[in-house]
Amino acid sequence: MNILIKTLTLINFKGVKKLTVDFNFITNIYGANASGKTTIFDAFTWMLFGKDSTDRKDFNVKPLDEVGITKDRTENEVSAVIEVDGQDIYIRHIQKEKWTKKRGEEVAEFSGNEHLYFWNDVPLQAGEFQSKVNDLMPENVFKLITNPLYFNSQKWQDQRAVLSEISGEITDSFLTGKYPELQELLNSLDGKTLKEFKAKVSGEKKKLKEQLIEIPGRIDEAERGKPEPVNEEEINARIAELQTEYDALDQAIEDKNAANEAENTRIQSVQKEIHALKLEIQNIESAHRSAYNAEVSTANSGANQDKARLSQLESQLRLQENQMNQLQSSHTDQLARIERDKQDINDRIANLRILFTSVNARTLDPNETMCKECGREHELHNVEEIRTKFNEIKVNELKVLNVQGAGLNADLKKRDEDILQANENFETTKSAISSSIETLKGSITDLKIKISNAESNKVVVKSYEDRVMEDDSIATKTAKITELTGQLETTPVDLYDLRLKKGVINADLNSYKLKLNTADQIAKADVRIKELKDQEKTMSQELASLEKQEFAAEKYEKAKSEELENRVNGMFKYAKFKLFSKLINGGEEPTCQTTYNGVPFSDLNTAGKILVGIDIINTLSAHYGVTAPVFLDNRESVSVIPDTAAQTINLIVSPQDEKLRVA
């Protein structure tokens with residue numbers, strides 16, 4: 001595909017009010033600095049992609065006045081006729097300001113921009129327009145093949161991705177064809193990428209090295225942990241002696257425990273007999289108490305009933321007296337509350353009277369009959385209407401006050417009725433309680449006289465204590481308990497010393513028995529040391545195997561990187577690319593650096609950068625199968641440029657051309 005610009009028209013775009021440029025296959029545009037040369041390139045990219053030539057989307061396309069302020073209410077437009085494989089296409093992109101007048105506001109406010117797109121005079125939505133542009137050529141490809149500096153302005157990762165794309169895939173079969181020894185590596189990947197495989201190998205190496213570092217210390221620890229050899233015959237003889245002593249102590253403790261158990265059995269039998277005697281005494285005492293209580297109850301049964309009745313009547317009297325006191329207090333509180341309500345109502349009636357007098361005395365303000373605009377008195381009929389309205393309002397307010405006053409007087413009358421009703425209820429209840437109190441007092445007096453007469457004729461009953469003292473069986477049983485209690489005294493058997501000696505001998509026995517384990521411990525330690533040494537040897541072999549795999553992976557990457565660089569550099573005439581950089585440890589890491597004659601692109605002069613840039617454009621155009629106009633800024637710095645099949649637009653600094661000149 002071959003794309004050419006035939007004409008480009010700018011209207012109110014940046015510093016250009018109106019300009020139409022007709023293009024040839026090679027077009028030279030002359031102008032002093034800041035005269036608008038770059039604006040032409042910006043206009044072309046903005047028309048297609050909404051960005052300037054440096055890929056900025058938020059740059060200002062609107063013209064500025066003399067003090068740098070954006071001119072409002074302007075339309076910014078760029079249109080072009082481009083030729084695509086011999087067919088003309090007319091493209092327009094317009095930016096319009098939106099001014100909105102809010103409801104109630106007199107002045108419209110700027111509310112944003114809108115963009116209009118046309119393709120061969122057919123209006124399109126933004127998405128449709130971009131779709132048509134991308135059908136011609138994707139945005140990124142357009143920038144790569146129209147701006148010689150664009151490729152090297154990208155991040156190195158993006159540059160490298162483009163070069164990898166155009167160089168074609170470097171397959172494993174291709175590499176193993178040149179280096180057959182790499183096939184073993186590829187077979188061991190087991191579905192992993194090379195990066196994943198290297199990470200796995202690196203992790204396993206690290207783990208093995210950490211384990212190998214620990215093994216010598218563990219061997220040394222096992223050596224130092226081996227006990228000194230011992231004389232087993234002497235130790236067994238000593239164990240036999242200690243075991244004899246231990247058994248003798250154990251038998252002595254067992255004998256003393258048996259004696260303790262026999263003594264405990266005898267004491268339990270005595271305690272059981274004492275308990276039975278005490279229970280018999282308690283039963284005898286209980287019988288005496290029951291007999292005493294029965295005789296007392298028989299002798300005093302009538303007096304006790306009268307005393308219980310007296311207590312009940314006295315309790316009822318206290319209750320009635322308390323009710324009388326509560327009735328008096330409650331009645332007093334009720335009358336006080338009603339009086340407070342009456343005082344509050346009287347205060348409100350007094351306030352209503354003051355307000356009624358004030359409203360009744362109100363007169364029409366003379367100013368109300370005057371016109372507020374001209375200051376003259378209203379017409380007579382209007383004055384009468386105002387006065388009538390005033391009087392109606394006044395009469396209505398007085399009526400409301402009268403209604404409120406009547407309501408308050410009714411409330412006051414209700415409070416007086418409440419006082420009469422409260423006094424009536426109080427007197428009725430008071431009379432009933434007073435009658436009940438007098439009746440109770442009479443009954444209490446009669447009962448007290450009856451109880452006093454009964455006390456004078458009281459029957460004498462033998463006391464409980466005398467009955468117990470006179471019972472000989474209790475004294476006999478108490479004497480027997482005293483005798484048995486003396487038999488409970490005993491001397492406890494102390495086993496502490498025997499158990500202490502037994503514990504010491506047992507500790508010595510365990511110590512000597514542990515010494516017998518020395519040979520076994522030494523044998524186990526030797527087995528463990530051998531295991532650690534075998535493990536160390538196996539790990540060393542595994543580490544060597546992993547290092548071999550790692551070396552093969554590095555060789556694979558190096559072969560692939562060399563092939564990639566050879567392919568890429570073989571596609572360009574002037575530009576060369578460094579795609580890998582050496583690391584301190586001997587490895588490589590991906591990069592992308594453009595050079596010319598060994599000089600990095602960033603250090604080249606303008607001519608060198610344009611030379612390399614056009615070389616890159618030629619290669620990329622051939623890869624993508626499309627040519628597009630190439631804009632060369634600062635063309636005056638370059639005497640000769642490489643041949644290219646693309647339309648060339650030279651932007652040349654010319655101090656004498658204050659206005660743009662196209663040639």
Side-chain angles (χ1 to χ4, degrees), residues 1-11 13 16 18-29 37-53 55 61 75-96 115-148 150-151 162 165-166 613-614 616-633 635 641-651 660 662-663:
M1 181 186 295
N2 187 27
I3 300 175
L4 303 171
I5 307 176
K6 299 181 76 172
T7 63
L8 184 69
T9 300
L10 289 67
I11 300 176
F13 187 85
V16 177
K18 185 172 183 181
L19 173 67
T20 298
V21 179
D22 295 321
F23 293 88
N24 298 315
F25 187 75
I26 297 178
T27 303
N28 296 323
I29 301 177
K37 298 184 302 301
T38 306
T39 298
I40 293 175
F41 192 9
D42 290 339
F44 186 59
T45 58
W46 179 82
M47 178 188 71
L48 295 175
F49 306 109
K51 301 176 183 178
D52 68 3
S53 57
D55 213 30
V61 303
E75 289 189 5
N76 318 108
E77 178 180 341
V78 177
S79 60
V81 176
I82 64 173
E83 180 183 314
V84 180
D85 291 339
Q87 181 179 357
D88 288 348
I89 299 175
Y90 180 41
I91 301 174
R92 270 200 304 161
H93 180 180
I94 302 172
Q95 177 178 277
K96 295 179 65 175
H115 292 262
L116 305 177
Y117 303 93
F118 298 88
W119 193 278
N120 288 332
D121 288 328
V122 176
L124 299 175
Q125 297 293 327
E128 297 172 328
F129 179 80
Q130 287 304 319
S131 177
K132 282 189 170 292
V133 171
N134 290 334
D135 286 343
L136 294 180
M137 179 172 28
E139 180 180 348
N140 188 56
V141 174
F142 174 85
K143 292 170 183 175
L144 286 170
I145 65 174
T146 59
N147 184 351
Y150 182 74
F151 176 85
V162 172
E165 177 189 347
I166 67 174
I614 292 178
I616 292 172
I617 286 174
N618 286 342
T619 299
L620 294 180
S621 293
H623 172 75
Y624 293 118
V626 59
T627 60
V630 177
F631 288 82
L632 299 179
D633 207 355
R635 177 64 176 81
I641 63 173
D643 294 334
T644 178
Q647 181 184 21
T648 306
I649 301 163
N650 299 309
L651 306 177
L660 294 181
V662 181

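Throughout, numbering of the chain's residues begins at 1 and tracks the sequence.
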| query | Where is the tightest heavy-atom contact between D643 and N618, given as atom of each residue plus distance? | reply | O-ND2, 2.9 Å
| task | Drop me the distance from F13's CZ to T39's OG1, to the nearest 0.5 angstrom. | result | 7.0 Å
| Can you check side chain to side chain contact (heavy atoms under 4.5 Å, CB included) on W119 and I91, steps first, answer last? | CA-CA 5 Å; W119 193 278; I91 301 174; 3.7 Å; yes
Output a table of donor-acceptor pairs, distance under 3.5 Å, between side-chain atoms of residues 125-138 and any protein atom two or more places apart or on a different chain; print 'none' if there are none.
unit_1: E128; atom_1: OE1; unit_2: Q125; atom_2: N; d: 2.9
unit_1: Q130; atom_1: NE2; unit_2: L48; atom_2: O; d: 2.9
unit_1: N134; atom_1: ND2; unit_2: Q130; atom_2: O; d: 3.2

| For L8 and A80, which heavy atoms make the closest approach, and how far apart are they? | CD1-CB, 3.6 Å
| request: Only counting residues at least two apart or in another chain, list the ones meeting side chain to side chain donor-acceptor pair (under 3.5 Å) with T38. | output: D633
| query | Is there a side-chain contact between I166 and T619 (heavy atoms, below 4.5 Å)? | reply | yes
| query | Is it true that atom NZ of K96 has more than 12 heavy atoms of other residues, nucleotides or ligands lying nearer than 6.0 Å? | reply | no
| field | Any I617 side-chain heavy atom under 4.5 Å of T146 side chain | value | no
| message | Could you tell me if the side chain of I649 sits less than 4.5 Å from the side chain of V630, heavy atoms only? | response | no
| What is the distance from atom OG1 of T27 to atom CD1 of I40, rounded to the nearest 0.5 Å? | 10.0 Å
| message | With side chain to side chain donor-acceptor pair (under 3.5 Å) as the rule and sequence neighbours excluded, what pairs involving residues 76-88 come up? | response | K6-D88, N76-Q95
| request: Could you tell me whether the side chain of F23 reaches within less than 4.5 Å of the side chain of Q647, counting heavy atoms only? | output: yes
| request: Please list, chain by chain and in numerical order, all residues satisfying side chain to side chain contact (heavy atoms under 4.5 Å, CB included) with N28, sequence neighbours excluded. | output: I26, Y30, N650, I652
| Partners meeting side chain to side chain donor-acceptor pair (under 3.5 Å) with N24 (sequence neighbours left out) | none
| field | Atom pair CZ (R635) and OG1 (T648), whose distance is rounded to the nearest 0.5 Å | value | 8.5 Å
| query | Is it true that a side-chain atom of H93 and a backbone atom of W46 form a donor plus acceptor pair closer than 3.5 Å? | reply | yes
| message | Restricting to side chain to side chain contact (heavy atoms under 4.5 Å, CB included), what partner residues turn up for V162, sequence neighbours left out? | response | L144, F151, L620, Y624
| note | Applying side chain to side chain contact (heavy atoms under 4.5 Å, CB included) to D22 and not counting sequence neighbours gives T7, T20
| request: Flag the pair F41 / N147 as yes when at least one side-chain heavy-atom distance between them is below 4.5 Å, and no otherwise. | output: yes
| message | Among residues at least two apart in sequence or on other chains, which ones pass ring-ring contact (aromatic ring centres under 6.0 Å, His included) with F44? | response | F142, F631
| message | Using side-chain heavy atoms (C-beta onward) and a distance below 4.5 Å, is P629 in contact with I3? | response | yes
| field | Non-neighbouring partners of H623 that pass ring-ring contact (aromatic ring centres under 6.0 Å, His included), sequence neighbours left out | value | none
| query | Can L660 and K37 be said to form a side chain to side chain contact (heavy atoms under 4.5 Å, CB included), step by step? | reply | CA-CA 7 Å; L660 294 181; K37 298 184 302 301; 3.7 Å; yes
| When rounded to the nearest 0.5 angstrom, what is the spacing between CZ in R92 and CE in M47? | 12.0 Å
| said: If the condition is side chain to side chain contact (heavy atoms under 4.5 Å, CB included), which residues does D52 pass it with, not counting sequence neighbours? | reply: D42, T54, R56, F59
| message | Measuring from atom OG of S621 to atom CD1 of I614, what distance do you get when rounded to the nearest 0.5 angstrom? | response | 11.0 Å
| Is there side-chain contact between I11 and E75, with at least one heavy-atom pair below 4.5 Å? | no
| task | Taking the side chain as every heavy atom from C-beta outward, state whether Y150 and D55 have any atom pair closer than 4.5 Å. | result | yes
| query | If you take all heavy atoms of A628 and A646, which pair is closest and at what distance? | reply | O-CB, 3.3 Å
| task | Go through the steps to decide whether I89 and N120 satisfy the test side chain to side chain contact (heavy atoms under 4.5 Å, CB included), and finish with yes or no. | result | CA-CA 6 Å; I89 299 175; N120 288 332; 3.9 Å; yes
